[in-house]
Undergrad: 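Below is a structure I'd like to ask you about.
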Amino acid sequence: MQYHTFVLDDLSTLAESVQVEFKLAGGRDGQGKVPEDMWESYSAFANTIGGEIVLGVREHSGTFTLEGIPQPEPMIEYLWQHLNDKAKVSVNLLKPTDIQIIRLAEKQVIRIRVPQAEIPDRPVFIGNDPYSGSYIRVGDADMRASRRQVSQMLRRAREALP
């Protein structure tokens with residue numbers, strides 16, 4: 001599978017795409033918190049063609065600004081705990097190298113590489129109900145998968161089993 005790679009060193013060219021999603025992740029105290037809608041992006045990338053989520057970037061009127069995360073380590077611990085919690089997400093697709101702290105312009109961001117899920121693992125969904133917790137990526141947006149789309153993924157997953 002070919003993977004789109006983006007370079008974080010030219011901050012003026014930051015933009016979301018079908019394979020890149022930025023989230024602020026500042027939290028109330030500004031020290032960093034995994035945003036709840038990050039899980040929608042995880043599901044959408046996994047169910048579509050994969051992608052990367054970058055936490056620590058603010059969007060305002062289509063312009064992206066590097067804000068950084070002062071203390072990324074607790075957020076990474078939180079991510080691993082919830083990735084391995086079936087009540088949060090149906091499957092953990094990530095390897096240890098898929099979550100990284102990247103330092104740029106004297107700030108730190110968290111980069112999460114989400115691979116495309118194998119057919120037997122689809123749909124990747126949030127919570128306990130694939131029909132209400134499955135997302136797909138459409139352009140630069142995470143969209144809730146329709147009942148028909150989820151049924152197709154479930155059928156293909158059953159057919160792919162040995």
Side-chain angles (χ1 to χ4, degrees), residues 1 3-11 14-60 64-137 140-145 150 153 157:
M1 159 120 240
Y3 230 161
H4 169 75
T5 304
F6 70 101
V7 180
L8 284 170
D9 58 3
D10 185 359
L11 301 179
L14 291 182
E16 290 184 336
S17 71
V18 70
Q19 286 186 288
V20 179
E21 178 72 23
F22 295 112
K23 303 283 185 193
L24 178 58
R28 287 188 189 150
D29 62 2
Q31 295 302 301
K33 181 176 190 278
V34 175
E36 276 305 309
D37 66 350
M38 193 269 333
W39 299 106
E40 295 171 10
S41 298
Y42 175 82
S43 170
F45 284 139
N47 290 327
T48 314
I49 60 172
E52 297 190 11
I53 302 167
V54 180
L55 304 178
V57 178
R58 176 187 302 276
E59 177 186 6
H60 180 70
F64 297 91
T65 308
L66 181 68
E67 295 291 326
I69 299 169
Q71 298 178 19
E73 292 83 3
M75 290 176 61
I76 291 174
E77 286 179 34
Y78 174 91
L79 285 167
W80 286 118
Q81 288 170 357
H82 285 77
L83 282 163
N84 292 309
D85 179 356
K86 295 268 190 211
K88 183 63 175 179
V89 66
S90 61
V91 64
N92 176 6
L93 300 171
L94 305 187
K95 301 181 305 261
T97 55
D98 290 330
I99 299 180
Q100 302 171 326
I101 298 172
I102 307 287
R103 186 167 183 80
L104 20 124
E106 302 301 315
K107 296 183 180 179
Q108 300 177 104
V109 297
I110 297 174
R111 183 179 190 171
I112 306 164
R113 180 191 165 277
V114 181
Q116 179 182 27
E118 297 293 329
I119 290 173
D121 290 329
R122 291 187 216 160
V124 174
F125 56 93
I126 304 163
N128 297 313
D129 180 11
Y131 289 99
S132 64
S134 295
Y135 291 80
I136 58 171
R137 191 78 174 170
D140 65 356
D142 303 323
M143 307 294 288
R144 190 178 307 271
V150 173
M153 285 187 267

Undergrad: How long is the span from the NE2 atom in H82 to the CD1 atom in I126, to the nearest 0.5 Å?
TA: 12.0 Å

Undergrad: Distance from S41 atom OG to F22 atom CZ, nearest 0.5 Å?
TA: 11.5 Å

Undergrad: Given the rule in the side chain to side chain contact (heavy atoms under 4.5 Å, CB included) test, do I76 and E73 qualify, once you have shown the distances and angles that lead to the verdict?
TA: CA-CA 5 Å; I76 291 174; E73 292 83 3; 5.7 Å; no

Undergrad: Donor-acceptor pair, distance only, cut-off 3.5 Å: does the side chain of R137 make one with the backbone of V20?
TA: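 Flag set: sc R137 to bb V20 pair under 3.5 Å.
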
Undergrad: In Å and rounded to the nearest 0.5 Å, what is the CG to CH2 distance from L79 to W39?
TA: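 If I round to the nearest 0.5 Å, the distance is 5.5 Å.
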
Undergrad: Tell me, yes or no, whether the heavy-atom count around Q100 atom CD, taken from other residues, nucleotides or ligands under 6.0 Å, exceeds 12.
TA: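 Atom CD in Q100 is packed in, count exceeds 12.
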
Undergrad: Just how far is it from atom CD1 of I110 to atom CE of M38, taken to the nearest 0.5 Å?
TA: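 Output value for this atom pair is 9.5 Å.
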
Undergrad: If you measure from CD1 on I49 to CD on Q19, what distance do you get to the nearest 0.5 Å?
TA: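 So the gap between those two atoms works out to 4.0 Å.
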
Undergrad: Given side chains that start at C-beta, do those of L83 and Y42 come closer than 4.5 Å, heavy atoms only?
TA: yes

Undergrad: Taking all heavy atoms of P35 and all of A25, pick out the closest pair and write down the distance.
TA: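 Residues P35 and A25, closest heavy atoms: CD-CB, 3.7 Å.
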
Undergrad: Are any side-chain N or O atoms of N47 and backbone N or O atoms of V124, one a donor and one an acceptor, separated by less than 3.5 Å?
TA: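 Pair found, side chain donor or acceptor close to backbone of V124.
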
Undergrad: What residue pairs, at least two apart or across chains, pass salt bridge (charged side-chain N to carboxylate O under 4.0 Å, His left out) with a residue in residues 75-97?
TA: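 Non-adjacent pairs meeting salt bridge (charged side-chain N to carboxylate O under 4.0 Å, His left out): E36-K88.
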
Undergrad: Working to the nearest 0.5 angstrom, can you tell me the gap between R113 CZ and I99 CD1?
TA: 12.0 Å

Undergrad: Looking at every heavy atom in both T48 and Q116, which two are closest together, and how far apart are they?
TA: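 Shortest heavy-atom contact: O-NE2, 2.7 Å.
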
Undergrad: Examine distances only and state if a side-chain atom of S43 and a backbone atom of Y135 form a donor-acceptor pair shorter than 3.5 Å.
TA: yes

